[in-house]
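Okay, structure first, notes after.
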Amino acid sequence: MKQPDSKTAPTRRALLRGSLGAGALLATGLPAFAAPAGFDQWRDNFRARALAKGISDATWTRVMGRIEPDMTVFRQMQKQPEFHEQIWQYINRRVSDWRIINGREALKKHEPLFARIEQDFGVERGTLLALWGVESAYGDPLVQQNHMRPIFPALAALAWNEPRRRSYWETELINALKIVDRGWGTPEEMRGSWAGAMGHTQWMPEVWLNVGMDYDKDGRVSPFGKPDDALGSSARYLLNRGKYHRGEHWGYEVRASGGASSGSRTYAAWASAGVTRADGKPFPQPNASAQMWVPVAGGPSFLLGPNFYSVKSYNPSMNYALAICHLGDRILGAPPFIQPFPGSERALTLPEVQELQTRLTKAGFDTGGTDGRVGNDTMKAVKDYQTKMGLLPADGYGGLKVLARLRQGG
């Protein structure tokens with residue numbers, strides 16, 4: 001097994017590429033209901049390959065003996081929702097009132113775990129809380145029950161009859177079988193996305209096998225249940241692959257008296273050039289280095305240290321990394337950005353999001369629940385409502401303008 005700190009170890013993004021990129025695949029034209037003829041023969045042939053990869057006959061029989069493929073995965077591949085979010089919308093949706101409130105509760109519940117992780121790896125608790133909150137809503141079992149599906153029927157369908165990346169799905173199916181074989185998870189609890197991402201960190205099976213660690217020392221790597229293994233593994237990943245700097249903050253919102261400059265400088269050098277923290281506080285580590293980033297002209301500016309880019313190694317999107325870093329700060333008590341993004345709205349409060357979802361549901365647009373968590377179901381409901389009411393742009397963003405229109409009874 002490749003170690004996560006090996007120079008040849010795959011990045012998390014490379015390992016997840018099959019999951020995150022599958023939505024762009026071409027339509028297969030397959031029916032999305034009963035398994036077409038030929039699956040049983042494929043399963044019988046595939047058994048020999050699985051056993052040759054070390055899967056025990058008992059595990060094969062337990063998981064695959066009477067499995068039926070989940071053919072709805074092909075519909076999911078064909079109809080992945082597309083939303084074009086501006087950066088402030090992207091951040092508002094992820095740095096939500098629900099995630100901030102529940103992140104603080106998660107910290108209270110697991111404070112000794114986060115203290116131990118900080119001691120062992122130096123990774124700030126806010127960063128890990130934010131990753132956990134964005135990836136799996138802090139491991140909420142209701143998310144598993146209501147929004148996840150059994151991964152084995154899904155991976156079996158993809159491995160059997162997804163023509164463009166069949167070898168990838170076959171490998172991930174074998175990887176998932178290895179997890180059962182090792183006693184890391186049961187077929188019943190292994191629920192995840194239609195592409196097979198699962199657990200607290202929503203990792204693909206291969207990522208669990210390559211990156212996961214037994215942080216709670218119970219003899220197995222556990223994607224589910226206690227979050228110790230998932231969070232400890234994430235911290236080790238950020239340290240080894242992301243080169244996380246112990247004791248440094250990810251960066252700061254700043255104000256610059258002149259134009260933005262490129263290149264890396266110490267915070268002291270930036271301060272000498274007229275760059276100050278937006279909140280007026282001094283830079284706590286003037287000799288640490290950072291780079292300037294202005295995501296949108298006229299919006300907030302940031303000095304980004306190495307730990308921002310460590311988060312970016314987890315997901316290469318700058319917007320994702322900013323959302324994670326900002327959510328972590330907000331959970332720990334920091335305020336919103338001081339300089340707003342151009343054309344932005346403030347984020348809805350938790351009661352406002354719940355009201356939005358309730359009003360949409362009553363109007364016939366299914367949000368998948370009214371708990372204040374905004375996922376694809378709520379965004380699709382908003383987009384459908386915007387389209388029906390002629391609200392432009394129909395971007396799926398449920399903000400103050402959409403809520404005001406719903407309150408008008410439209």
Discussion item. Would you compute the distance between atom CG of D214 and atom CG of D229 and round it to the nearest 0.5 angstrom?
Written reply: 5.0 Å
Worksheet entry | Sidechain N-carboxylate O distance under 4.0 Å for R359, E355 | yes
Worksheet item: Do the side-chain N and O atoms of D44 and Q41 include a donor-acceptor pair separated by under 3.5 angstrom?
Response: no
Item to complete: Classify the ring geometry between F114 and H110 as parallel (under 30°), tilted (30 to 60°) or perpendicular (over 60°).
Response: perpendicular
Discussion item. Aromatic contact between W270 and Y267, with the criterion being ring centroids under 6.0 Å apart: yes or no?
Written reply: no
Discussion item. Under a 4.0 Å threshold between the charged nitrogen and the carboxylate oxygen, would R236 count as salt-bridged to D120?
Written reply: no
Worksheet item: Can you tell if the side chain of Y314 reaches within under 4.5 Å of the side chain of L131, non-hydrogen atoms only?
Response: yes
Worksheet item: In Å and rounded to the nearest 0.5 Å, what is the CZ to CG distance from R125 to L231?
Response: 12.0 Å
Discussion item. One pair to check against side chain to side chain contact (heavy atoms under 4.5 Å, CB included): N92 and Y397. What are the steps and the verdict?
Written reply: CA-CA 10 Å; N92 279 0; Y397 179 73; 3.1 Å; yes
Item to complete: Assign the ring pair H200 / W132 to parallel, tilted or perpendicular, where the plane angle (0 to 90°) is split at 30° and 60°.
Response: perpendicular
Item to complete: Using the six-membered ring wherever Trp is involved, compare the ring planes of F308 and W250 and label them parallel, tilted or perpendicular (cut-offs 30° and 60°).
Response: tilted
Worksheet item: Where do E206 and T171 land on the side chain to side chain donor-acceptor pair (under 3.5 Å) test, with the steps shown first?
Response: CA-CA 8 Å; E206 185 177 357; T171 299; over 6 Å; no
Item to complete: Answer yes if the side chains of D329 and H249 hold a donor-acceptor pair under 3.5 Å, and no otherwise.
Response: yes
Under 3.5 Å, which donor-acceptor pairs do the side chains of residues 362-371 form with other protein atoms, sequence neighbours left out?
| residue | atom | partner | partner atom | Å |
| --- | --- | --- | --- | --- |
| D366 | OD1 | G368 | N | 2.9 |
| T367 | OG1 | T361 | OG1 | 3.3 |
| T367 | OG1 | G369 | O | 2.6 |
| D371 | OD1 | R373 | N | 3.0 |
| D371 | OD2 | R373 | NE | 2.7 |
| D371 | OD2 | R373 | NH2 | 2.6 |

Fill in: Under-4.0 Å salt bridge between K380 and D384
yes
Discussion item. Can you tell whether the side chains of D40 and R43 come within less than 4.0 Å, N to carboxylate O?
Written reply: yes
Item to complete: Please confirm whether R220 makes a cation-pi placement over W184, using NZ or CZ under 6.0 Å from the six-membered ring centre and within 45° of the ring normal.
Response: no
Discussion item. Against the six-membered ring of Y385, is R405 placed for a cation-pi contact (under 6.0 Å from the centre, within 45° of the normal)?
Written reply: no
Fill in: K53/E170 salt bridge by N-O under 4.0 Å criterion
no
Item to complete: Please round to the nearest 0.5 Å and tell me the distance separating atom NZ of K401 and atom CG of L391.
Response: 10.5 Å
Acceptor/donor pairs from residues 297-304 side chains to any protein atom, 3.5 angstrom cut, sequence neighbours excluded:
none

Worksheet item: Aromatic rings W160 and F39: how do their planes relate, parallel, tilted or perpendicular, breaks at 30° and 60°?
Response: perpendicular
Worksheet item: Does the pair F337 and W88 meet the rule for a ring pair (Phe, Tyr, Trp, His ring centres under 6.0 Å), with working shown?
Response: CA-CA 10 Å; F337 294 136; W88 64 268; over 10 Å; no
Discussion item. Restricting to non-hydrogen atoms, name the atom on R116 and the atom on D216 that form the minimum distance, rounded to 0.1 Å.
Written reply: NH1-CA, 4.4 Å
Worksheet item: Where the side chain of S233 meets the backbone of M213, is there a donor-acceptor pair that is under 3.5 Å apart?
Response: yes
Practice prompt. Please confirm whether the backbone N or O of Y90 pairs with a side-chain atom of R94, one donor and one acceptor, at under 3.5 Å?
Written response: yes
Worksheet entry | D395/Q89 under side chain to side chain donor-acceptor pair (under 3.5 Å): CA gap, chis, key distance, verdict | CA-CA 10 Å; D395 53 12; Q89 295 173 322; 3.0 Å; yes
Fill in: L360/V382 under side chain to side chain contact (heavy atoms under 4.5 Å, CB included): CA gap, chis, key distance, verdict
CA-CA 7 Å; L360 283 168; V382 170; 3.6 Å; yes
Response to the item:
In terms of heavy-atom contacts, P227 and L113 come closest through CG-CD2, 4.0 Å
Item to complete: For E188, look at atom CD and say whether over 12 heavy atoms of other residues, nucleotides or ligands are found less than 6.0 Å away.
Response: yes
